[in-house]
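Below is one structure, written out as structure tokens; the observations come after it.
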Amino acid sequence: MTGGAEKTLERLLDGDEAPYDVEAYGDLRERAERTLLHTERVGARVIIPEDDEWPTRLDDLADTGNGESGQHVPPLCLWVCGVGSLAELLDRSVAVVGAREASTYGTHVAAELGDGLARPGWTVVSGGAYGIDAAAHRGALGAEGGATVAVLGSGIDQACPSSHANLFARIQERGLLVSEWPPAAKGMSFRFAHSRRLITAIACGTVMVEAAADSTGLRTLDHALRLGRPAMAVPGQVISPLSAGCHAVLREHTAVRLVTDAADVVSEVERWRSATRQPERAKMSASVVLP
Amino acid sequence: MSAHDPADVDEIRLARAALGCLVEPGNRELYELVGEQGPVLALRRLVTGDLPAGSLCSAVEALLRGGDPRQLATDALIRTQRLGARIVIPEDEEWPAQLHDLQRITCSDPERRVNRDTLPPLCLWVRGQWPLAEAFDRSVAVVGARAATSYGTHVATELAYALGNCGWTITSGGGYGVDAAAHRGALTSGGITVAVLACGVDRPYPVSHTNLFERIAEHGLLVSEWPPGAAPFRHRFQIRNRVIAAVTRGTVMVEASARSSAKQILGRALLLDRPAMVMPGPVTSAMSGGCHEFLREHQQSRLVTGAAQVLDEVEEARGRAHHGGAGGWE
């Protein structure tokens, strides 16, 4: 990222370092303008780190660069669509994630958590997928004044899954849809997996509601831990395969906290917020005292 | 501990039985007195009122009402023998030495006497064929709510069955719900199960568990700190709990409400450095509320989901005790 976005783009276009077949992309400036136009047409906007509403918490992704995929770096820009400033919405936010093929127990708990967090003003962040994700979003939408943010694995105008088109429309009325990909980008499983790390990075903490034992969803909590964020898991019946992942992660990582309701989650996340805010406040008061 | 003259041991057994009839178990003053002077002399001084701790003497006097403590103990012994039971004392080979660890956890809690009177039993009334030390060498306590859900009883039965199959003794309190499910699971596996009671070994409590207790006495052990005929007073369950935690390698709590006494057993296990394990359940179930609360509040407690994980914990604890000589385990 040295040299800023413009210089980097120049270098990429100049050939030597170009990782892509630049020719195939045609005139990049024209392409970017077309994308912006498309973005406007679908009622969305592009936000960049230079914007006020950019969530600075994403900078933490730069410190986790040794991830196995080598892709753990902050995004260069985000497409967002809906009401409110992303940074403000995320100031007090919790990610609620879990299995797509969730049980009725899991969706019930996710909806209750979504409601219980949104009611006192916490933004519920999730991935807009089937199961736990959708239940968490719906729980937040059901709370009076509840806000929710969906981080998508596709372009913002692509309802993916398509049966969630109405859900996404309602999320835009009460919060934001967020994507790292431009409009029209198709929902792909690798994009979905990729968007999970963004979810843990933009929220204060992450709760896993249900996960199978060998689920990739467990990597989400692992990522939250590596970011130094509260990682939480909801227990369930020991005979339920969909709680096996949660129990495994609670057994293996003592840093992962067991939570049973929104109050437990808030207390974990508040503790993290006050612990991370303290040094800043100390710095500020110190600079005021100095002549 | 076997260097006693048989006649002396009989005398000691009588004295310990008399003390067991006269004073509630776990009493700190009495335990210290017995430790200093031996059970025979301790009993004599207690009965003659020759003690600075007056409260203990007056309580004993009220109970004896001028009677002969030797007669009291002999009666208890005859009654015990008639039941096919026996009185086991620390001087016996089969005494479970790990109970000595209870000396470590007594604390001066002016609010709650039960946290102060946590000293080892002076003797145990036992029904069943197994020598105590042998039965408890590989043993796990499975405890939990009386008002267990079908989930709790299912999980407790499965766990006890699997542990019993691996040759582990399942210890519990003989109560409704999780206790009974654990005993039944162990009986089905053909393994040993022990019910540590809060009343005499001749008093089935709860009464509807009469058949269960008969089967436990036949295939496992009924154990109590109280003499035959003793009633299951409420406070006795709290006193009894320390024995369940101390006599086993580790304790598993299956279901517990926020105010469950099973949490007390698990807390004692933690104090004794024994594995304290918890089975989680649905967060929507009040009967798992105490389990989750315990896991959240006690970093050293372990979440377990099945017999294999419980075995990992208790096998390790057993290995540690055998090699490091931790506490009273030899």
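Residue numbering restarts at 1 for every chain, and letters A, B, ... go by the order of the sequence lines.
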Problem - Close side-chain approach of A:V149 and A:V124, heavy atoms under 4.5 Å - result: no
Fill in the blank from the handout: dist A:T200:OG1 -> A:L61:CG (nearest 0.5 Å) comes out at 7.0 Å
Exercise for the section: Cation-pi check, B:R249 to B:F136: give yes when NZ or CZ is under 6.0 Å from the six-membered ring centre and within 45° of the ring axis, no otherwise. Expected result: no
Problem - Members of residues 148-155 of chain B whose heavy atoms come closer than 4.5 Å to chain A - result: B:Y151, B:H154, B:V155
Practice task
May I ask you to name which of A:V234, A:I239, A:T254 has the most heavy-atom pairs under 4.5 Å with chain B?
Solution key: A:I239
Practice task
Indicate yes or no for a side-chain donor-acceptor contact from B:W130 to the backbone of B:H219 under 3.5 Å, with no hydrogens or angles considered.
Solution key: yes
Fill in the blank from the handout: If one checks every heavy atom of A:E252 against chain B at 4.5 Å, the contacting part turns out to be neither
Problem - Sub-6.0 Å ring centroid separation between B:H209 and B:Y176 - result: yes
Fill in the blank from the handout: If one checks every heavy atom of A:L258 against chain B at 4.5 Å, the contacting part turns out to be both
Fill in the blank from the handout: Bottom line for A:R251: the part with an atom under 4.5 Å from chain B's heavy atoms is both
Problem - Taking every non-hydrogen atom, the tightest pair across A:L152 and A:G127 - result: CD2-O, 4.1 Å
Problem - Under 4.5 Å from a heavy atom of chain A, the part of B:Q299 involved - result: side chain
Problem - Polar side-chain atom of B:T169 near backbone of B:A135 as donor-acceptor pair, under 3.5 Å - result: yes
Practice task
Salt-bridge test for A:D264 and B:R296: reply yes if a basic N is under 4.0 Å from a carboxylate O, no otherwise.
Solution key: yes
Exercise for the section: Say whether, by atom type as modelled, one donor and one acceptor occur between the side chain of A:H247 and the main chain of A:G236 under 3.5 angstrom. Expected result: yes
Handout entry: Under 4.5 Å from a heavy atom of chain B, the part of A:S103 involved
Key = neither
